[in-house]
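Each remark here refers to the structure printed beneath this line.
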Amino acid sequence: MQQRLSVIMLAADDLATLRNFYNDVLDWKIEAANKDIVFFKLNGILLGLYGRNDLAKFHHANPEGSGFRPFNMALMVNSRAEVENIYDELCRKSVKIVHEIVEPPFGGCYFLFADIEGNIWEISYNPFIRVDGSGNVLGHQPIDHL
């Protein structure tokens with residue numbers, strides 16, 4: 001599996017306030033957003049802000065205590081086949097799979113695995129995120145209609 005970091009998700013206790021901080025205080029341009037999530041493009045990666053409870057639910061974890069870490073790291077790929085190939089590779093290597101491959105309502109697919117310290121990683125094909133052949137995020141299409 002290639003080394004590539006595409007999206008970093010931070011859990012926000014107050015999404016609107018954190019969004020305004022990055023946008024208004026740091027002057028970071030919003031790449032895509034809706035009422036539940038916001039993305040900022042940073043040198044080939046996306047920084048996403050997502051509500052703490054929503055990110056915990058995505059991880060199938062309790063938002064309080066040691067079972068949930070308030071961030072999500074994602075490796076983005078360009079197809080379902082790539083997600084499946086990486087899934088199979090990690091299974092062969094006995095990596096802990098946190099959640100099997102799933103298809104979210106907006107399309108694409110993803111699965112979750114944990115590193116040896118319990119940090120959760122996502123392998124994802126998202127039809128709204130453009131990725132080049134080297135795994136660099138090129139941008140995020142509008143999601144306000146979702």
Side-chain angles (χ1 to χ4, degrees), residues 1-61 63 67-91 93 95-146:
M1 183 172 70
Q2 293 180 359
Q3 293 175 311
R4 52 185 170 198
L5 180 62
S6 304
V7 178
I8 299 172
M9 296 297 297
L10 296 178
D13 290 327
D14 182 336
L15 181 61
T17 300
L18 195 58
R19 171 188 174 148
N20 291 341
F21 173 81
Y22 284 108
N23 189 229
D24 299 338
V25 176
L26 299 181
D27 293 321
W28 289 2
K29 181 180 176 274
I30 295 173
E31 178 79 9
N34 63 27
K35 65 180 177 43
D36 300 315
I37 195 167
V38 61
F39 291 96
F40 299 90
K41 187 174 177 189
L42 310 172
N43 286 0
I45 67 169
L46 291 173
L47 171 65
L49 306 178
Y50 200 39
R52 180 178 184 83
N53 290 333
D54 293 328
L55 192 56
K57 184 177 178 180
F58 179 80
H59 282 190
H60 305 275
F68 172 66
R69 306 212 178 174
F71 62 91
N72 185 74
M73 297 173 286
L75 304 174
M76 307 306 295
V77 298
N78 282 313
S79 70
R80 179 182 178 88
E82 286 183 80
V83 170
E84 291 170 348
N85 289 338
I86 294 170
Y87 177 86
D88 291 342
E89 177 185 347
L90 295 180
C91 286
K93 294 179 178 181
V95 172
K96 180 181 178 184
I97 302 299
V98 175
H99 196 279
E100 305 291 324
I101 295 174
V102 67
E103 297 178 2
F106 60 82
C109 63
Y110 71 91
F111 73 92
L112 303 174
F113 72 93
D115 69 14
I116 59 173
E117 292 188 1
N119 295 304
I120 305 294
W121 284 84
E122 171 188 351
I123 304 294
S124 181
Y125 162 59
N126 181 326
F128 295 99
I129 297 177
R130 299 179 316 275
V131 181
D132 70 15
S134 299
N136 295 311
V137 169
L138 300 174
H140 200 299
Q141 296 175 13
I143 57 172
D144 54 344
H145 65 284
L146 296 177

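Residue numbers start at 1 and run along the sequence shown.
- Taken to the nearest 0.5 Å, the OG atom of S124 stands 11.0 Å off from the CD1 atom of I101.
- With rounding to the nearest 0.5 Å, the separation of CG in L47 from CG in L10 is 5.0 Å.
- Across I143 and A32, no two heavy atoms sit closer than the pair CG1-CB, 4.2 Å.
- Just one of W121, Y125, F58 meets the ring pair (Phe, Tyr, Trp, His ring centres under 6.0 Å) condition when paired with Y110; it is F58.
- Between the D13 side chain and the R52 main chain, no donor and acceptor come within less than 3.5 Å of each other.
- The shortest heavy-atom contact between I8 and I45 is CD1-CD1, 3.9 Å.
- Shown here are the salt bridge (charged side-chain N to carboxylate O under 4.0 Å, His left out) partners of K93, two or more places apart in sequence or in another chain: E89.
- The side chain to side chain donor-acceptor pair (under 3.5 Å) check on N20 picks up nothing, with sequence neighbours excluded.
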Apply side-chain contact (heavy atoms from CB on, under 4.5 Å) to I37 and M9, showing your working. CA-CA 10 Å; I37 195 167; M9 296 297 297; 3.4 Å; yes
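- The CG atom of L112 sits 11.5 Å away from the NZ atom of K96 when rounded to the nearest 0.5 Å.
- Taking CG of N126 as the reference point, atom CG of N78 lies at 11.0 Å (rounded to 0.5 Å).
- Side-chain contact between K41 and K29: absent, with no pair of heavy atoms (C-beta onward) separated by less than 4.5 Å.
- Taking every heavy atom of both residues into account, F39 and H140 meet most closely at CE1-NE2, 3.5 Å.
- Remark: Y87 OH to I123 CD1 distance equals 12.5 Å, nearest 0.5 Å.
- Across I129 and V137, no two heavy atoms sit closer than the pair CG2-CG1, 4.1 Å.
- L55 is listed as a side-chain neighbour of H59, based on a closest heavy-atom distance under 4.5 Å.
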Begin with the C-alpha distance, continue with both residues' side-chain angles, and end with the deciding distance and a verdict on side-chain contact (heavy atoms from CB on, under 4.5 Å) for F40 and L26. CA-CA 11 Å; F40 299 90; L26 299 181; over 6 Å; no
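- Between V77 and V131, every side-chain heavy-atom pair lies at or beyond the 4.5 Å cut-off.
- The two residues N34 and R19 come nearest to each other via the heavy atoms O-NH1, 3.9 Å.
- Here the closest heavy-atom approach between residue D27 and residue D24 is recorded as OD1-O, 3.3 Å.
- Within the 4.5 Å cutoff, the side chain of Y22 has no heavy atoms near those of the V38 side chain.
- The structure places OG of S6 at 9.5 Å from CD of E122, a figure rounded to the nearest 0.5 Å.
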